[in-house]
Protein chains: 2
Amino acid sequence: MVEPKMSQPLSSSVGDYLKAVWGLAGPGVAAPKYLSSRLSVSSASVSEMLRRLQELGLVEYERYRGASLTEEGRAEALRLVRRHRLIETFLLEHLGYPWEEVHEEAERLEHAVSDNFTERVAQLLGHPDRDPHGAPIPGADGTLAREDSRPLSGASVGDRVRILRVGREDTPALTHLQDRGLVPGRVLRVEEVRGLDGVVTVEDEDGVSHALGGVLAASVLVRGL
Amino acid sequence: MVEPKMSQPLSSSVGDYLKAVWGLAGPGVAAPKYLSSRLSVSSASVSEMLRRLQELGLVEYERYRGASLTEEGRAEALRLVRRHRLIETFLLEHLGYPWEEVHEEAERLEHAVSDNFTERVAQLLGHPDRDPHGAPIPGADGTLAREDSRPLSGASVGDRVRILRVGREDTPALTHLQDRGLVPGRVLRVEEVRGLDGVVTVEDEDGVSHALGGVLAASVLVRGL
DNA sequence: ATCGTATTTTAGGCAAACCTAGAAAATTTT
DNA sequence: AAAATTTTCTAGGTTTGCCTAAAATACGAT
Ligand SMILES: [Mn+2]
Ligand SMILES: [Mn+2]
Ligand SMILES: [Mn+2]
Ligand SMILES: [Mn+2]
């Protein structure tokens, strides 16, 4: 149990740090270096913020090692992730945003909307369980569906798979995949997995072949058919 | 002409100050006292901010008198007002918010949404020209429709009028009016305008009478039928 | 015109987020 | 096991936005 401590609402910065810790590590420890590059902030800023987050009871922090979320920190991170993913879905389905642009807008809106807004959007959307990128949407109660997907980079030649999720959020990568129709729901057949450089070649439902570099292939999460 | 000066996006605080100056004064001068009470901020903070706004070229400021908007400041204020009013309309019509609750949520969201978001919402709503409180929505080009309404407090006994707009944004007042059906569009007959205390009594379309205090009556804007 | 009150400004502080430069610790390479 | 490199932390500084207390100015009333 954690002290209630009736805190004032947390800032956008605090929220983004918590999401970043959660995003990498789940229950594990996020290194300062990772947070620094992920949040585009100096390591000095990270050190300072981690000390403050510990002060606030949101992370456990050990100097020179990094930070992991407390129960309270995890709850706050999941609350933001829920907002983020519902907002993305809303932007796509109701405002006609292009698939690759929803993330950026959601990154700001997630800090400005109320719980009231969030739940009304959830209702409007019919309580979806995945966002436009295939990521599971945490429940209002903080539960998160288990993921049974595997990276395309680990598939074998001949596998027939369906894209379940795209684990990237930068616009260039999303645009690239979108242009080739490599989005959640698409069915692929694996033509080649090259050990040398990790390039994976797949054929889509229309018989078109696509070659993906190792890093990109690792972020395309699939499930066998 | 004002220097371009390619500024980074303005903060929420700056935006709310600009809206407050615009809200009172139009082209006139807003006194520090007014801004202080409207924004719930100390007069010291107001002095400081007005100096900065002048520095940024957003207001003209004369010590001990107050501030008025420059062209650039006015444009920014109108941009925010447009967002605010479109968001309110959206919250009411698409998310089912109660009439009296839309303002508060819009006050935060107006600072977080992009122009892209704003214009997509405008399109979704069919480019409305009034928000749920009857206030005109500025165009994307910064134009604002002329208002030909008069305060109910200035009406004469026997007048038949239609509510065009409610010029309040605090939830208690809005709830009070909403409960009595005194919202934009409603038609009323003026039964009494009491010189002594300014109380105005009106009869609505269902034959129900309502007495409004002078201040409240002044914020109900009507047009003769 | 002067007094008293109300308003506004100045002075001095504080907290949140960021930064750069340099010191310290950890890790990897030789 | 040193040395070299990388990572992290500390020190000190900046900007934004707020505050209280006290001084300066303006205004309204005698
Ligand atoms: Mn996203
Ligand atoms: Mn964010
Ligand atoms: Mn409003
Ligand atoms: Mn606002």
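Excluded from the calculations below are hydrogen atoms, water molecules and symmetry mates; all remaining heavy atoms, backbone and side chain alike, are included. Note on naming: letters A, B, ... go to the chains in the order of the sequence lines (proteins, then strands), and numbering restarts at 1 for each one.
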For the pair made of [atom1] in [X] and [atom2] in [N], what is the distance, rounded to whole Å?
| X | N | atom1 | atom2 | result |
| --- | --- | --- | --- | --- |
| B:Leu53 | D:dC18 | CG | C1' | 15 Å |
| B:Arg63 | D:dC27 | CZ | P | 14 Å |
| A:Leu18 | C:dA17 | CG | C1' | 15 Å |
| B:Arg65 | D:dC27 | CZ | P | 10 Å |
| A:Leu10 | C:dA15 | CG | P | 18 Å |
| A:Glu62 | C:dA25 | CD | P | 14 Å |
| A:Glu48 | D:dG12 | CD | P | 14 Å |
| B:Tyr17 | D:dT16 | OH | C1' | 11 Å |

Between [Y] and [X], is the closest basic N to carboxylate O distance under 4.0 Å?
| X | Y | value |
| --- | --- | --- |
| A:Arg130 | A:Glu147 | yes |
| B:Glu76 | B:Arg79 | yes |
| A:Arg82 | A:Glu119 | yes |

Give a yes/no answer on whether the side chain of [X] brings an N or O atom under 4.0 Å of OP1 or OP2 in [N].
| X | N | value |
| --- | --- | --- |
| B:Tyr64 | C:dA6 | no |
| B:Ser45 | D:dC19 | yes |
| A:Ser42 | C:dC18 | no |
| B:Ser13 | D:dC18 | yes |
| B:Tyr61 | C:dT8 | no |

note = Per nearest nucleotide of DNA chain C, the residue lying toward the 5' end, B:Ala31 or A:Arg52, is B:Ala31
Nearest-nucleotide 5' precedence on DNA chain D, B:Met49 against B:Ala44 = B:Met49
inquiry  = Please find the pair of heavy atoms, one from B:Leu174 and one from B:Arg168, that lie closest to each other, and give the distance.
reply    = CD2-O, 3.6 Å
inquiry  = Under 4.0 Å, counting only non-hydrogen atoms across every strand here, what does B:Val41 touch: a base, just sugar-phosphate, or nothing?
reply    = sugar-phosphate
message = Using the rule given for side-chain hydrogen bond (donor to acceptor under 3.5 Å, both in side chains), can you reason through A:Asp16 versus A:His111, listing the C-alpha separation, both sets of side-chain angles and the distance that settles it, and then say yes or no?
response = CA-CA 9 Å; A:Asp16 284 338; A:His111 308 289; 3.0 Å; yes
task = Please tell me which of the listed nucleotides, C:dC19, C:dT9, D:dT8, lies nearest to the side chain of B:Ser47?
result = C:dT9
